[in-house]
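These notes concern the structure reproduced below.
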Amino acid sequence: MRLSQMLFVTLREDPAEAEIPSHKLLLRAGYIRRIGSGIYAYLPLMWRVLQKVSQIVREEMNATLAQECLLPQLQPAELWRESGRWDTYTQAEGIMFALKDRQERELGLGPTHEEVITTIAKEMIRSYRQLPLHLYQIQTKFRDEIRPRFGLMRGREFIMKDGYSFHADEESLKKTYQDMHQAYSNMLRRSGLSFRAVQADSGAIGGSGSQEFMVLAEAGEDEVLYTEDGQYAANVEKAVSLPADAENSIFTSYEKRETPGTDTIEKLCKFLKSSPTQVVKNVLYQAVYDNGMTVLVLVIIRADQEVNEVKLQNELTKLSGNYGGKTLLFLTVPDAEAQQKWAAKSLPLGYIAPDIGDDYIASHKQVNSKFLRLVDHTAVDLKNFVTGSNESSYHVVGANWGEQLKLPENVVDVRKARPGDRAIHNPAQTLQSARGIEVGHIFQLGTKYSKAMGATYTNEQGEEVPLVMGCYGVGVSRLAQSAVEQSYDKDGIIWPVAIAPYHVIISIPNVSDAAQLQAAEQLYDQLNEAGIETLLDDRNERAGVKFKDADLIGIPYRIVTGKSLKAGKVEVVERATHKAQDIALEEVVPTLKQWIDAAVS
RNA sequence: CGGGGUGUAGCGCAGCUUGGUUUAGCGCGUCUGCUUUGGGAGCAGAAUGUCGCAGGUUCAAAUCCUGCCACCCCGACCA
């Protein structure tokens, strides 16, 4: 491609809309253009990058014998009602763009494709002989994100590879899951990314095991906790660890004490000169289930620990049935306004005890009349601890479960693991923290969707049983941007060779010099013939402009047909290092070919 | 949705507090000509704006008031 004929517009200044380096650079270098919030045009250079990434993804998927297909983006609401996700996807998270057609039929713009694929499986898979089966597609997904961010990192329209596998049993699922783990590792390695596979929460997708593939970068939205020995890595949402040991209580007998102005743990501990590990805090949450039922949840946890809201949500979702709901819609810490809606009298905020009376909850059809009390493991073994008294300005000290306070029945793990905590597999290891960009996520779904939608097959025994499923996603456009986030310098993007839009750019310092022009044209033809993707900067610009642009757009190798031409040589510069060397004209193609092959393999 | 912020030329910004001196300006980019030609050149000239939108106040509004819209940042969501 000749730059003189290309839509090529670079910016000298950072666009005001961009915050993180990769977003600024993609805009400045003319790869993308914002059309609306979370909606971007992929311009020609970007599209080539996305094609490269897609191709790597495709090759790795095909190597596992997965089959490519293309599913509809316009999806009938009834499919989503069947799986039970229409409400959660259009109401709670509200992530699906929902619309009506001229017949008033409800449709959704596909945020994911479990429903469509399960329908196909239901209709087409009859026998165990057809299993296992793995279908995937690469296409645009639509999600009405609560907050689109950082360009392609979190768009409302983005390119994703999603794959769905069907199995006769868990064992077969695990095999494919392992294959996917390998395929995903290959994709990211081939794309030139530094990454880590971590244990993950399955979230709204559901199912049992899942792992995320995190591209390590400071701008990442996720926190990863891992150990140096490489034995453990998990998303902070999912991570488990051993908490620090509790200190011995300084109190020996039960007593109610006046503790004025101690509505935070910090103030309380200072006042009592007690360690927060000897304090039980009681955190109030408000859960709303899909049947409209509100449940007040009291989380009882050691005061030096924090509540992991993802774990809490999972616990509450498990309990949905107790309240007549199917799923949890909202989980919030009720503010003063929210409290007014159900509180029978004003709450002793900051002084709540584990046994706070259910008479604080006014009688209301849509509000459960009792607190749901969940006690975290960290609070269970404490002796002579400090906690609230249900009376403002008073706490109790020296309290014990089974004596002054009854230990609630629901003992759970809702504690947030933190960097510095000891690891469970080996307490000598401590958790380290890193930021990551989630570019891939693989799930063992099990029979969640197949059961809900009646997707069954006939097994060897002639019984009709639900299909066992897995699903596997890669954010193709996100992956491309995270490559930039991981690889740039003050001059611009440094694309990994495997996903660069072009391998080589030939910069002609002076287009009015016939010798330079002729040498460049000849090299351009030779490189293209050799299958090396080449840009020719034949614009009538000064050399400095061309060098700046070449660096900005991040093409791995730059050829300059300049001074050394007299000696029958051109200068070849590696973008990543700016290392330059003169190479004889006839050696250029074989040399570059070798470099590129080495970089891509 | 809650909190914070911004909308002025393709991009980055000033002007707004204290309405009139602005036929609305600066830098970059764009166009024309000449010179220059190895790290975003110089000189000369030129074009480009519903000042986010709609009302209102006023003799007079980019500037003051009201409403709306869009976008960005912090939190819940996720590939």
Side-chain angles (χ1 to χ4, degrees), chain A residues 9-20 23-24 27-28 30 33-39 53 57 88-89 92-96 111-112 138 140-141 143-163 184 200-205 210 212-215 221-222 235 237 309-310 313 329-333 335 337-338 436-443 471-482 491-492 507-513 516 540-552 558 560-565 571 573 578 580:
Chain A
V9 180
T10 56
L11 305 173
R12 294 198 181 195
E13 283 167 290
D14 284 335
E17 72 188 61
E19 203 69 19
I20 62 172
H23 188 197
K24 288 179 184 172
L27 285 165
R28 269 192 65 202
R33 199 90 182 172
R34 205 197 75 227
I35 301 301
S37 179
I39 306 172
V53 174
V57 168
T88 47
Y89 268 65
E93 292 148 13
I95 211 159
M96 182 155 63
T112 173
I138 298 172
T140 299
K141 291 279 181 285
R143 291 186 189 173
D144 193 1
E145 289 288 342
I146 300 165
R147 187 150 88 86
R149 250 193 283 217
F150 304 151
L152 306 187
M153 286 297 190
R154 180 179 298 280
R156 294 197 295 167
E157 196 187 302
F158 63 96
I159 300 175
M160 178 175 172
K161 185 288 296 180
D162 50 327
Y184 275 40
D201 181 70
S202 311
I205 308 281
S210 91
E212 288 166 336
F213 287 78
M214 295 285 191
V215 168
E221 296 183 71
D222 288 286
N235 191 313
E237 294 174 347
E309 293 194 2
V310 173
Q313 270 176 29
L329 284 191
F330 305 103
L331 177 65
T332 52
V333 174
D335 55 16
E337 197 186 340
I437 302 163
E438 182 193 350
V439 298
H441 199 160
I442 59 179
F443 299 83
C471 80
Y472 320 92
V474 175
V476 170
S477 40
R478 181 183 279 184
L479 189 159
Q481 185 174 334
S482 53
D491 295 314
S507 302
I508 309 172
N510 184 355
V511 285
S512 51
D513 180 329
Q516 289 191 11
N540 184 14
E541 290 285 354
R542 293 164 56 86
V545 173
K546 297 188 178 190
F547 297 158
K548 286 286 186 190
D549 275 340
D551 284 352
L552 179 61
R558 184 179 81 216
V560 186
T561 55
K563 291 172 189 157
S564 46
L565 210 50
E571 186 185 49
V573 186
H578 282 130

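Just so it is clear: chains get the letters A, B, ... in the order the sequence lines come, proteins before strands, and each one is counted from 1.
One can find a donor-acceptor pair under 3.5 Å joining the base of rG39(B) and the side-chain atoms of R558(A). One cannot find a donor-acceptor pair under 3.5 Å joining the base of rC73(B) and the side-chain atoms of R149(A). One cannot find a donor-acceptor pair under 3.5 Å joining the base of rC78(B) and the side-chain atoms of R143(A). Below the 3.5 angstrom threshold, one finds no donor paired with an acceptor across the side chain of D335(A) and the base of rG2(B). Contact of R478(A) with rC78(B) (side chain to base): a donor-acceptor pair of N or O atoms is detected under 3.5 Å. In this model, no side-chain donor or acceptor of R28(A) finds a partner on the base of rG29(B) within 3.5 Å. A donor-acceptor contact under 3.5 Å links the side chain of D551(A) to the base of rG39(B). Side-chain atoms of E541(A) and base atoms of rG40(B) include no donor and acceptor less than 3.5 Å apart.
Side chain of E221(A) to backbone of M153(A): no donor-acceptor contact under 3.5 angstrom is found. When atom types are taken as modelled, the side chain of Y89(A) and the backbone of P111(A) share no donor-acceptor pair closer than 3.5 angstrom. In this structure, the side chain of E212(A) does not engage the main chain of A200(A) through any donor-acceptor pair within 3.5 Å.
Under a cutoff of 6.0 Å and an axis angle of 45°, R478(A) and F158(A) do not form a cation-pi pair.
Atom CZ of R33(A) sits in a sparse spot, with 12 or fewer heavy atoms from other residues, nucleotides or ligands closer than 6.0 Å.
E571(A) comes within 4.0 angstrom of a base, heavy atoms only. Using a 4.0 Å heavy-atom distance criterion, G475(A) is classed as a base contact. Looking at heavy-atom distances under 4.0 Å, V560(A) makes contact with a base. In this structure, G492(A) reaches neither bases nor backbone, as no heavy-atom distance under 4.0 Å exists between it and the strands shown. If you check every strand for non-hydrogen atoms under 4.0 Å, G562(A) touches a base. Among the atoms of the strands shown, only primed sugar atoms or phosphate atoms (P, OP1, OP2) are found under 4.0 Å from some heavy atom of F150(A). Among the protein residues, D549(A) comes within range of the nucleic acid bases, having at least one heavy atom under 4.0 Å from a base atom. Looking at heavy-atom distances under 4.0 Å, E145(A) makes contact with a base. Within 4.0 Å of R34(A), counting heavy atoms only, lie sugar-phosphate atoms of the nucleic acid but no base atom. Residue contacts for T10(A): at a heavy-atom cut-off of 4.0 Å it reaches a base atom on one of the strands shown. Here K141(A) lies out of heavy-atom contact (under 4.0 Å) with every strand. E221(A) comes within 4.0 angstrom of a base, heavy atoms only.
To the nearest whole angstrom, the two P atoms, one in rC51(B) and one in rG7(B), are 15 Å apart. When the C1' atom is compared between rC16(B) and rA61(B), the two are found 10 Å apart, to the nearest whole Å. Taking atom C1' on both rG49(B) and rU30(B), the two are 15 Å apart, rounded to the nearest angstrom. Taking the C1' atom of each, rU58(B) and rC1(B) are spaced 39 Å apart, rounded to whole Å. rG4(B) and rU8(B): their C1' atoms are spaced 22 Å apart (whole Å). Using atom C1' as the reference point in both rG29(B) and rA46(B), the two lie 14 Å apart (nearest Å). Nucleotides rA54(B) and rU48(B) are separated by 22 Å at their P atoms, to the nearest Å. Taking the C1' atom of each, rU63(B) and rU18(B) are spaced 10 Å apart, rounded to whole Å.
Pairing partner, rU58(B): none, since no Watson-Crick or wobble contact has both distances short of 3.5 Å. With a cut-off of 3.5 Å on both Watson-Crick or G-U wobble distances, the partner of rU36(B) is given as none. In a base pair of the Watson-Crick type (N1 to N3 plus N6-O4 or O6-N4) or a G-U wobble (N1-O2 and O6-N3), with each distance short of 3.5 Å, rA70(B) is matched with rU6(B). Across all strands shown, rC16(B) forms no Watson-Crick or G-U wobble pair with both distances under 3.5 Å.
Which of rU37(B), rG40(B), rG12(B) sits closest to the side chain of R542(A) comes down to rU37(B). Checking rU37(B), rC77(B), rG12(B) against every side-chain atom of S512(A), the shortest atom distance belongs to rU37(B). Among the nucleotides rC77(B), rC71(B), rC73(B), the one closest to the side chain of V310(A) is rC77(B). The listed nucleotides are rG10(B), rU37(B), rG38(B); the one nearest the side chain of P509(A) is rG38(B).
For the pair K546(A) and I508(A), the minimum side-chain heavy-atom distance is below 4.5 Å. Taking 4.5 Å as the limit, some side-chain heavy atom of I138(A) sits within range of a side-chain heavy atom of I159(A). Counting only heavy atoms from C-beta outward, the side chains of D162(A) and C471(A) never approach each other to under 4.5 Å.
Pairing each heavy atom of K161(A) with each of G163(A), the nearest pair is NZ-N, 3.9 Å.
Contact check, R12(A) against rG29(B): a side-chain N or O comes under 4.0 Å of OP1 or OP2. Contact between the side-chain N/O atoms of R147(A) and the OP1/OP2 oxygens of rA76(B) is not found at any separation under 4.0 Å. The side chain of S477(A) contributes no N or O atom lying less than 4.0 Å from OP1 or OP2 of rA79(B). The shortest distance between the side-chain N/O atoms of Q313(A) and the OP1/OP2 oxygens of rC77(B) is below 4.0 Å.
Between L27(A) atom CG and rC71(B) atom C1' the separation is 13 Å, expressed in whole Å. Per the geometry, CG belonging to D222(A) stands 10 Å off P belonging to rC77(B), to the nearest Å.
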